[in-house]
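To start, the structure itself, in structure tokens.
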Amino acid sequence: QVQLVESGGGLVQAGGSLRLSCEASGRTFSRYAMGWFRPAPGKEREFVATSTRNGGATLYQDSVKGRFTISRDNAKNTVYLYMHNLRPDDTADYYCAARDSPYGSTSLGEYDYWGRGTQVTVSS
């Protein structure tokens, strides 16, 4: 079992920045690829970003490329989502997820563990 706890959400003005954190406990964090997801119209959750378990490769949803960065610190059992130039349409609950694989995935069904989310609100 892996427990994931997100933090760092809040209210920010458009153009601002936030850093989300997701701390893992339980099994060895470095065996898991990690991802970030958020709800979207017509979807349960949409893919935002993912990282391989060693952090060597990342992938992003097109709408966040160049604005968001996923990174991880395996020594701290934590994955981060750095969010810059935020827009009102980034407003959502953000969820981190762990996949028992070296490789990340854009599909939420391929993740094994989920956190409870942290809320991000971007005002215009």
Handout entry: Option among Ile70, Val48, Thr118 that satisfies the side-chain contact (heavy atoms from CB on, under 4.5 Å) test with Leu20
Key = Thr118
Practice task
Decide yes or no for Phe29 and Thr78: does some side-chain heavy atom of the first lie under 4.5 Å from some side-chain heavy atom of the second?
Solution key: no
Problem - Point-to-point distance, once rounded to the nearest 0.5 Å, from CD of Glu6 to CG of Leu81 - result: 11.0 Å
Exercise for the section: For Thr50 and Tyr111, run side-chain hydrogen bond (donor to acceptor under 3.5 Å, both in side chains): C-alpha distance rounded to whole Å, both residues' side-chain angles, the deciding distance at 0.1 Å, then the answer. Expected result: CA-CA 11 Å; Thr50 187; Tyr111 286 82; 2.9 Å; yes
Practice task
Check whether any side-chain N or O of Ser51 sits under 3.5 Å from a backbone N or O of Met34 as a donor-acceptor pair, and report yes or no.
Solution key: no
Practice task
Look up atom OG in Ser17 and atom CG in Leu86, then write down how far apart they are to the nearest 0.5 Å.
Solution key: 6.5 Å
Practice task
Tell me whether the centres of the aromatic rings in Trp36 and Phe47 are closer together than 6.0 Å.
Solution key: no
Exercise for the section: Kindly indicate, with the supporting measurements, whether the criterion side-chain contact (heavy atoms from CB on, under 4.5 Å) is fulfilled by Met83 and Tyr94. Expected result: CA-CA 11 Å; Met83 310 164 71; Tyr94 284 74; 3.6 Å; yes
Exercise for the section: Answer with yes or no whether the hydrophobic clustering places Val12 together with Val64; edges join I, L, V, M, F, W, Y residues whose side-chain heavy atoms lie under 4.5 Å apart. Expected result: yes
Problem - Quiz item: cation-pi between Arg67 and Tyr60, 6.0 Å / 45° - result: no
Handout entry: Flag side-chain contact, heavy atom, 4.5 Å: Thr52 against Pro102
Key = no
Exercise for the section: Answer yes or no: is there a side-chain heavy-atom contact under 4.5 Å between Val2 and Asp112? Expected result: no
Practice task
Using the six-membered ring of Tyr95, assess whether NZ or CZ of Arg45 lies under 6.0 Å from its centre and within 45 degrees of the ring axis.
Solution key: yes
Exercise for the section: Go through the steps to decide whether Glu46 and Arg38 satisfy the test side-chain contact (heavy atoms from CB on, under 4.5 Å), and finish with yes or no. Expected result: CA-CA 5 Å; Glu46 66 173 2; Arg38 65 187 182 189; 2.8 Å; yes
Handout entry: Passing option when Arg87 is tested against Asp89, Asp90, Thr91 for side-chain hydrogen bond (donor to acceptor under 3.5 Å, both in side chains)
Key = Asp89
Practice task
Would you tell me whether Asn74 and Arg72 have side-chain atoms, one donor and one acceptor, within less than 3.5 Å of each other?
Solution key: yes
Exercise for the section: Nearest 0.5 Å please: distance from the CD atom of Glu23 over to the NZ atom of Lys76. Expected result: 10.0 Å
Exercise for the section: Name the orientation class of the two ring planes belonging to Tyr82 and His84 (parallel below 30°, tilted from 30 to 60°, perpendicular beyond 60°). Expected result: parallel
Exercise for the section: Using a strict cut-off of less than 4.0 Å between a Lys/Arg side-chain nitrogen and an Asp/Glu carboxylate oxygen, indicate whether Asp93 and Arg116 qualify as a salt bridge. Expected result: no
Practice task
Provide the closest heavy-atom pair for Gly8 versus Leu18 in the form atom of the first, atom of the second, distance.
Solution key: O-CD2, 3.8 Å
Problem - Arg31/Asp100 salt bridge by N-O under 4.0 Å criterion - result: yes
Exercise for the section: Let me see the working for Val5 and Gln3 under side-chain contact (heavy atoms from CB on, under 4.5 Å), right down to the final yes or no. Expected result: CA-CA 7 Å; Val5 179; Gln3 293 78 43; 5.5 Å; no
Practice task
Output the distance between atom SG (Cys96) and atom OH (Tyr32), rounded to the nearest 0.5 Å.
Solution key: 13.0 Å
Handout entry: Separation of Glu110 CD from Tyr103 OH (nearest 0.5 Å)
Key = 13.5 Å
Handout entry: Smallest separation among heavy atoms of Arg53 and Ala33, with atom names
Key = CB-N, 3.8 Å
Problem - Spatial distance of atom CG (Asn54) from atom OG (Ser30) [nearest 0.5 Å] - result: 9.5 Å
Handout entry: Steps toward side-chain contact (heavy atoms from CB on, under 4.5 Å) verdict (Arg19, Ser21)
Key = CA-CA 7 Å; Arg19 185 189 77 169; Ser21 300; 3.9 Å; yes
